[in-house]
Amino acid sequence: MRYWLLKSEPDVFGYPDLERAGREPWNGVRNYQARNFLREMAEDDLCLFYHSNAKPPGVAGVARVVRAAHTDNLQFEASSPYFDPKSTPEAPRWSMVEVAPVQALPRVVTLDELRALPEWAGSPLTGKGSRLSVLPVTAEQWHSALLASGLAPEDAEHHLLTAGL
DNA sequence: GCCAACGTTGGC
DNA sequence: GCCAACGTTGGC
């Protein structure tokens with residue numbers, strides 16, 4: 001059981017959109033490092049849903065991986081912005097997972113707040129100029145972020161989160 | 001294999 | 001809207 005962070009622009013697809021959708025393919029990732037992390041994800045791994053390009057940017061919710069990595073077919077669709085002419089069905093280059101909502105955080109934990117937490121020092125998220133959109137989160141980072149959101153400590157425990165699904 | 005040009009991300 | 005940081009592309 002691992003923890004991750006997924007970035008999404010709320011103007012395009014925010015945490016409330018995930019709640020409405022119920023389930024969403026995390027497609028369109030076209031960065032090799034991010035793709036490799038997607039491929040490491042397992043079903044029931046938990047994700048911090050991060051709002052990028054937001055005011056303020058920060059973690060808005062918790063999501064769960066409901067399907068492990070498989071082919072992102074948008075890479076084959078010429079009309080898609082995520083089309084990759086160099087990829088072939090025989091050797092697909094890009095993968096996606098599917099995620100489902102777990103719960104909205106009582107309060108958005110902003111990037112500034114995360115930067116102030118010692119657990120987040122050295123994370124690709126808080127580093128200057130990092131653009132990585134899928135990244136691993138340590139258990140310490142996970143708990144510190146959820147506690148900062150105002151979740152009761154017992155609710156910040158992942159097994160209670162998953163039990164409440 | 002180098003690296004300049006270019007496109008994108010995402011905080012500010 | 002700006003622009004720094006970063007990844008990718010492609011000429012050589």
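Basis for what follows: all heavy atoms, side chains included, without hydrogens, waters or symmetry-related copies. Order of the sequence lines fixes the chain letters, A, B, ..., with proteins taken first and strands second; residue numbering starts at 1 for each chain.
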**Q** Decide, yes or no, whether a salt bridge links A:R30 with A:D72 under the criterion of side-chain N to carboxylate O below 4.0 Å.
**A**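 Looking at A:D72 together with A:R30, the answer is yes, because their closest N to O distance falls below 4.0 Å.
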**Q** Note the angle between the end axes of the helix from B:dG1-C:dC12 to B:dC12-C:dG1, five pairs defining each, rounded to 10 degrees.
**A**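 Axis angle across the helix from B:dG1-C:dC12 to B:dC12-C:dG1, nearest 10°: 10°.
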**Q** Roughly how far, to the nearest 0.5 Å, is the CG atom of A:L111 from the CD atom of A:E113?
**A**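 Between atom CD of A:E113 and atom CG of A:L111 there are 10.0 Å.
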**Q** Tell me the closest heavy-atom pair linking A:S95 and A:L38, and the distance in Å.
**A**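 It is O-CD1, 3.5 Å.
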**Q** Any salt bridge between A:D45 and A:R64, counting N to O under 4.0 Å?
**A**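 Answer for the salt bridge query: no.
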**Q** Would you say the side chains of A:W94 and A:S87 form a donor-acceptor pair under 3.5 Å?
**A**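 On atom types as modelled, these side chains do not qualify, holding no pair under 3.5 Å.
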**Q** Each nucleotide N or O in nucleotides 7-12 of chain C that has a protein N or O under 3.5 Å away: list the pair and distance.
**A**
none

**Q** Does a side-chain heavy-atom distance below 4.5 Å link A:C47 with A:W26?
**A**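 Of all side-chain heavy-atom pairs linking A:W26 with A:C47, none is under 4.5 Å.
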**Q** Would you mind classifying the nucleic acid contact of A:K55 as base, sugar-phosphate or nothing, using non-hydrogen atoms under 4.0 angstrom?
**A**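 A:K55: no heavy atom of the nucleic acid under 4.0 Å.
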**Q** Please find the pair of heavy atoms, one from A:L114 and one from A:V59, that lie closest to each other, and give the distance.
**A**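 Looks like CD1-CG2, 4.0 Å.
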**Q** Looking at residues at least two apart in the chain, or sitting in another chain, which of them share a ring pair (Phe, Tyr, Trp, His ring centres under 6.0 Å) with A:Y15?
**A**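 Expected list: A:F49.
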